[in-house]
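The structure under discussion appears below in the form of structure tokens.
Note that the coordinates shown come from a computational prediction; the quantities given were computed from them, not determined experimentally.
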Amino acid sequence: MSNNSRPDSECTSRGPACKSCSSTSCRQKADETPQESLNSIKHTIVVMSGKGGVGKSTVAVNLAVALAAEGHRTGLLDIDIHGPSVPTMLKLQKERTLTEDGKILPLTVGDMKVMSIGFLLENHNDAIIWRGPLKAGVIGQFLTDVNWGELDYLIVDAPPGTGDEPLSIFQQLKGSKSALIVTTPQEVAAADVRKSINFCRQLGVEIAGIVENMSGFVCPSCNCQTAIFNSGGGEKTAAEFNVRFLGKIPIEPAIGTSCDTGMPYVYAHSNTQTAKILTQIVAQLVDICGPAENTGKAAA
């Protein structure tokens, strides 16, 4: 797929992005709005943040893995077009998607289905230089042209801020959808969370809650926790805006190692206190979203 598509001229792409260009045939395809894939997804949770560097992708990946581990039919969609992190966090950088019957087949990690723009690039180090319309087009295709099948939960990893990608995903999603906002304890991060809250409210999107990441440091030797940053920024903001506060995730060296090695923390370190915090957040999300009609769990 070309990452140098030109939206104001002929179609130059060779992949999903061609729906976003201005050629006549591509505009006709873009006008099609198949609902089959959308209707198979019971609940969509968009993980977003007001600013970068708060560990949003780490939270999204581990929540998706935890949901799948509990037997829920789960998909993980990475819509960070310019800096996709999901392929690295799941050790899928070299993997590429296939198509079947005109649909893109997502990759699978265990029982979890995964899709990212990184799986469509010839080289995972390629830079994607696209304007808003191209990004909106490919995000739409991730929803309708990917064969997700029946899902209980689709976790969406959105880039930071309130720009094209989160706007596009919320506008194109049908059915049950909500936002999970990730922050760090400092006021500089909490200030941007307020913008994310107002963004969701302006769009009429339910906010499932706020998660405070990097909330204290867990010593790998003695397991003692130390507050490196000012504590409580996320909890304070949640109270100020009457939004649910779902929990605090501490800084733990093993989380960074897990991200680099492609082994999700909640799976590799499932017995730790931090992993239990993540599973508690998952339990709250399931309770907030309500049970899916068919959870996909094995019958007793």
Side-chain angles (χ1 to χ4, degrees), residues 7 15-17 19-20 30-52 54 56-61 63-64 67 74-87 97 103-104 106 112-120 128 130-148 151-182 192-193 195-211 285 288-289:
K19 279 192 178 180
S20 318
D31 289 338
E32 299 171 1
T33 55
Q35 298 297 310
E36 183 178 347
S37 294
L38 291 174
N39 291 336
S40 65
I41 301 169
K42 302 298 188 300
H43 304 288
T44 302
I45 302 171
V46 179
V47 182
M48 59 185 300
S49 63
K51 68 190 306 297
V54 301
K56 169 190 52 58
S57 296
T58 301
V59 171
V61 167
L63 292 183
L67 279 166
T74 306
L76 175 61
L77 172 58
D78 182 0
I79 62 165
D80 193 338
I81 303 299
H82 300 290
S85 300
V86 167
T97 58
K103 291 285 187 178
I104 302 170
M112 183 176 69
K113 298 178 180 180
V114 186
M115 188 63 205
S116 170
I117 190 69
F119 305 148
L120 303 176
I128 299 178
W130 288 352
R131 297 183 187 274
L134 280 170
K135 293 187 283 186
V138 79
I139 287 170
Q141 288 185 274
F142 283 157
L143 295 174
T144 58
D145 288 1
V146 173
N147 186 7
W148 293 107
L151 294 181
D152 297 318
Y153 296 96
L154 176 65
I155 303 297
V156 179
D157 180 22
T162 56
D164 291 322
E165 292 90 338
L167 179 60
S168 295
I169 193 73
F170 281 128
Q171 287 181 333
Q172 298 186 65
L173 278 171
K174 306 297 181 184
S176 175
K177 57 188 174 183
S178 58
L180 175 67
I181 302 175
V182 180
D192 288 326
V193 166
K195 298 174 184 176
S196 296
I197 292 172
N198 287 326
F199 168 83
C200 292
R201 288 179 172 171
Q202 284 182 260
L203 294 179
V205 174
E206 178 188 0
I207 301 172
I210 294 175
V211 171
L285 288 173
I288 291 165
C289 293

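Looking only at side-chain heavy atoms (C-beta outward), Pro87 and Asp78 come within less than 4.5 Å of each other. Using a 4.5 Å heavy-atom cutoff, the side chains of Leu134 and Ile128 are not in contact. Within the 4.5 Å cutoff, no side-chain heavy atoms of Leu180 are placed close to those of Ile155. The shortest distance between side-chain heavy atoms of Asn198 and Thr162 does not fall below 4.5 Å. Looking at heavy atoms from C-beta onward, Asp192 lies out of side-chain contact with Val54 at the 4.5 angstrom threshold.
Between the side chain of His43 and the backbone N or O of Asp152 there is no donor-acceptor pair closer than 3.5 Å. Checking side-chain atoms of Lys177 against main-chain N and O of Phe170 turns up a donor-acceptor pair under 3.5 Å. Panel note: side chain Gln172, backbone Ala136; a donor-acceptor pair is recorded below 3.5 Å. Distance alone, capped at 3.5 Å, places no donor-acceptor pair between the Lys42 side chain and the Leu154 backbone. Between the side chain of Trp148 and the backbone N or O of Phe142 there is at least one donor-acceptor pair closer than 3.5 Å.
Each of Ile45, Ile207, Ile288, Thr44 was checked for a side chain to side chain contact (heavy atoms under 4.5 Å, CB included) with Ser178, and the lone residue meeting it is Ile45. In summary, of the residues considered (Pro160, Ser57, Pro166), a side chain to side chain contact (heavy atoms under 4.5 Å, CB included) with Ser49 occurs for Pro160 alone.
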For this session: Start with the C-alpha gap between Leu167 and Leu203, add the side-chain angles, then the distance that decides, and say whether side chain to side chain contact (heavy atoms under 4.5 Å, CB included) holds.
Result: CA-CA 9 Å; Leu167 179 60; Leu203 294 179; 3.9 Å; yes

Exercise. Could you go step by step and tell me if Thr97 and Val146 meet the side chain to side chain contact (heavy atoms under 4.5 Å, CB included) rule?
Worked result: CA-CA 10 Å; Thr97 58; Val146 173; over 6 Å; no

Problem set entry | Audit row: Tyr153, Leu285, side chain to side chain contact (heavy atoms under 4.5 Å, CB included) steps and yes/no | CA-CA 10 Å; Tyr153 296 96; Leu285 288 173; over 6 Å; no

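In this structure Asp80 satisfies the salt bridge (charged side-chain N to carboxylate O under 4.0 Å, His left out) test with no other residue, sequence neighbours excluded. Residues that satisfy the salt bridge (charged side-chain N to carboxylate O under 4.0 Å, His left out) test with Lys56, not counting sequence neighbours, are Asp157.
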